[in-house]
Amino acid sequence: MSEVRVRFPPSPTGYLHIGGARTALYNWLYARKHNGKLILRIEDTDAERSTQESIDGILKGLKWLGLNWDEGPYFQTAFTHEHKAAAQRLLDEGLAYKCFCTKEELEHKREAALSAKRDYKYDGSCRNLTAEETAAREARGLPCVIRFKVDRQAPGTVSFNDHVLGVISRTYNDIEDFVIVRSNGKPLYLLCNVVDDIRDRISHVIRGQDHLGNTARQILIYRALGARVPEFAHMPLTLDLKKAKISKRSHGEIVAVQFYQQRGFLPWALCNFLALLGWSTTDNQEIFSREELIKAFSLERINKANSIFNYQKDNPKFFTDPKAISINEHYLRTMPMAELAPLVKERLQAAGLWQDDYDGSRREWFINTVDLIRSRFHTLNDFAEMGRAYFAEDYEFEARAVRKNVLKHEELKTWLPALADSLEALPEYNHETIEAAMRGMAEDLGIKPGILINGARAVTTGRLAGPSMFEVAEAIGRERMVNRLRHKTAPLYEPD
RNA sequence: GGCCCCUUCGUCUAGCGGUUAGGACGUCGGCCUCUCACGCCGGUAACACGAGUUCGAUUCUCGUAGGGGUCACCA
């Protein structure tokens, strides 16, 4: 079996979105699984819309996701001469012809056909022009496009065995003589893409089902060019809740890979989620390490039906597909601390909360603290936001926490500073002695321990909920705890 | 409209003639408990419809309906 070579060919007209990322992921998985190569090719033939910014964004997105490529990025515009040469060759061999019909004429015919509810296809007006007629028109300086000549005689249908969908066929009659080169001399996507895939020796074309309609025409080009036709696998599309294809234009940042990076997603968690959007295993495994996923992946297990990206706009709890969040949470609380620590570090640095000794003398404290708080976090950003009180003194107080756990008990104004005294006096300061102190004090006061514990939590972390208060107190440290209980309690009782 | 593809819980899906139709996420209830989360236990919830084939259809065939894609001198 020949080498597996797949490609990801984004057109740089915007950011990398999750649909594109998923296509890249599937190609990447297939390449890795078969020890093949992934080629990155930037299809920048549309000079109008292509931007350097977009190219940078796409490359950055792929790198962040960890989808490394083996060749490229190649740029389609660098091979324009090849595309033109291919068109010329088709022309020379009589497999394509020049068409002098104007855009206006065609537009007119198209509209007429449409309004008459007829199917429109190019009528082949210029197909049978003699060499002399063609030459005469060229001599008059008439602009022309080059059309591929679809052979309507032979077999009748063009078909291929799609790795996802099975046998797909289309009759020649349904295929019009399509344009491969514009009147300004620029070759079109259909041609460029094939020429590039031939040059890059692509063995498997794994792309979205939105390309299904291109495939038959492209196969015709492969054949006309005498090239081997690659294998095809058309992935289902991802739609929104209203079943519309997701797009940058209509869905904005929610579909941008960069958005997930900003919101504190773990790159592999996103990959894992994307892999599951349209692909599964028989045993229903859902959490995969890189190696596991590469091993388990196969084109044949890709679902035929489109899948829905399940997100509700303006839902603060689920700012994206709940499943994506849940997978992210899973990794967040189970991944090795050695891998998580640097990621948290980045976020703390960005928030100005990082201190260098977290990497040095206080490394153990840092690791333990992150480990302590991670189980109720959803994203990396939470460490700097919900977890701010562990790393800074200027944390905010949740209104509900203050109302429910502080203001409700006027006496806490004196109890909590008293608790500070007792913590300060402890001969040993650890979660066990802290627990004994707090419970003991509650008993002495004849109150439920929860009142003291929850009050302490609200004052020292600003939050209604969190990990075991005794461990929190240990993590925050005696000095800071005592200080917070003494000085941050009373002000909460003062009206704004 | 033509052509092509698709159709199992709200969502992602398992299933490849005989299952109490399974799992995950969400949701609901419970346990745990200093709160919340984690974790654990349990509940809710699906084969689009109609014919056929068959002893038997979620599964095979054909229709119908619905959804999607595509019909450019965009990629």
For this session: Measure the shortest side-chain to side-chain distance between A/E43 and A/Y189 over non-hydrogen atoms and say whether it is less than 4.5 angstrom.
Result: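 Side chain of A/E43 against side chain of A/Y189, heavy atoms only: contact under 4.5 Å found.
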Atom pairs under 3.5 Å: protein N/O with N/O of nucleotides 7-10 of chain B:
none

Problem set entry | Lys/Arg N to Asp/Glu carboxylate O, A/R41 vs A/D200, below 4.0 Å |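 Yes, charged N to carboxylate O under 4.0 Å.
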From the set [options], return the single nucleotide nearest to any side-chain atom of [X].
{"X": "A/F470", "options": "B/C34, B/G68, B/C73", "result": "B/C34"}
{"X": "A/N214", "options": "B/A37, B/C12, B/A75", "result": "B/A75"}
{"X": "A/Q76", "options": "B/U13, B/U35, B/A75", "result": "B/A75"}
{"X": "A/T282", "options": "B/U11, B/C34, B/G15", "result": "B/G15"}
{"X": "A/E43", "options": "B/A75, B/C5, B/U13", "result": "B/A75"}
{"X": "A/R110", "options": "B/C74, B/U13, B/A72", "result": "B/A72"}

For this session: Compute both the distance and the angle, then confirm whether A/K488 meets the cation-pi test with A/F397: under 6.0 Å from the six-membered ring centre, within 45 degrees of the axis.
Result: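 Judged by the rule, A/K488 and A/F397 form no cation-pi pair.
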For this session: Assess whether one donor atom and one acceptor atom, taken from the side chain of A/R457 and the base of B/C34, lie less than 3.5 Å apart.
Result: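 Under the 3.5 Å cut-off, the side chain and the base do form a donor-acceptor pair.
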Shorter than 3.5 Å, N or O on both sides, protein versus nucleotides 26-28 of chain B: list them out with atom names.
from  : atom 1 : to     : atom 2 : distance (Å)
B/U27 : OP1    : A/K317 : NZ     : 2.9

For this session: Return yes when atom CD of A/E396 has more than 12 non-hydrogen atoms of other residues, nucleotides or ligands closer than 6.0 Å, and no otherwise.
Result: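 Incorrect, the count does not exceed 12.
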Problem set entry | Any strand: nucleotide that pairs with B/C40 via Watson-Crick or wobble, under 3.5 Å |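 Its partner is B/G30.
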